[in-house]
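Beneath this line is the structure, given in structure tokens, with notes to follow.
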Amino acid sequence: MTDYRRYDIDWIRVLAFDLLILYHVGMFFVPWGWHIKNNVTVEWLQWPMLFVNQWRIPILFIVSGMGTHFALAHRSGKQYII
């Protein structure tokens with residue numbers, strides 16, 4: 001198998017981490033609990049936050065799993081761990 005870069009997976013990773021950053025910024029402005037809160041909440045922000053909340057971690061696991069799959073295609077399990 002030839003080595004090539006999967007730019008589509010790179011872009012999924014970039015978008016997932018951008019979404020993760022925006023999600024944590026949004027946590028300042030929604031009414032449910034978090035470490036640091038703003039005095040003013042933004043009511044309309046709850047719906048996008050609830051939607052992103054169900055997909056943010058699974059997207060990161062999928063991207064991580066794809067990276068592991070491609071890494072194991074070029075090395076043994078022992079080489080991967082070390």
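Basis for what follows: all heavy atoms, side chains included, without hydrogens, waters or symmetry-related copies.
- Under a hydrophobic-cluster definition in which Ile, Leu, Val, Met, Phe, Trp and Tyr are linked whenever side-chain heavy atoms come within less than 4.5 Å, directly or via other members, M66 and W11 are assigned to different clusters.
- Taking Ile, Leu, Val, Met, Phe, Trp and Tyr as hydrophobic and joining them when side-chain heavy atoms fall under 4.5 Å apart, one finds L72 in a cluster with Y80.
- Counting only residues at least two apart or on different chains, the salt bridge (charged side-chain N to carboxylate O under 4.0 Å, His left out) pairs with a member in residues 12-30 are D10-R13.
- Between the CG atom of L19 and the CD1 atom of I12 there is a distance of 12.5 Å, given to the nearest 0.5 Å.
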Counting only pairs under 3.5 Å, give me each side-chain donor-acceptor contact of residues 54-62, with atom names and distances, residues two or more places apart or in other chains.
residue, atom, partner, partner atom, Å
R56, NE, N53, OD1, 3.2
R56, NH2, N53, OD1, 3.3

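- Nearest heavy-atom pair, H74 versus F70, reported as atom, atom and distance to 0.1 Å: CD2-O, 3.2 Å.
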Can you give the donor-acceptor pairs under 3.5 Å from side chains of residues 33-40 to other protein atoms, not counting sequence neighbours?
residue, atom, partner, partner atom, Å
K37, NZ, M27, O, 2.7
K37, NZ, V30, O, 2.4
K37, NZ, W32, O, 2.9
N38, ND2, V40, O, 3.4

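- Linking Ile, Leu, Val, Met, Phe, Trp and Tyr whenever their side-chain heavy atoms come within less than 4.5 Å puts W44 and V52 in one cluster.
- Linking ILVMFWY side-chain heavy atoms closer than 4.5 Å, directly or via other members, places L15 and F51 in two distinct hydrophobic clusters.
- F29 and Y23 fall within a single hydrophobic cluster, where Ile, Leu, Val, Met, Phe, Trp and Tyr side chains are chained together by heavy-atom contacts under 4.5 Å.
- Put simply, I21 and V14 are part of two different groups of oily side chains (I, L, V, M, F, W, Y) that touch within less than 4.5 Å, one to the next.
- Here the closest non-hydrogen pair linking P31 and Q46 is CG-NE2, 3.5 Å.
- Legend: residues meeting side chain to side chain donor-acceptor pair (under 3.5 Å) with R6, ordered by chain and number and at least two apart, are D8.
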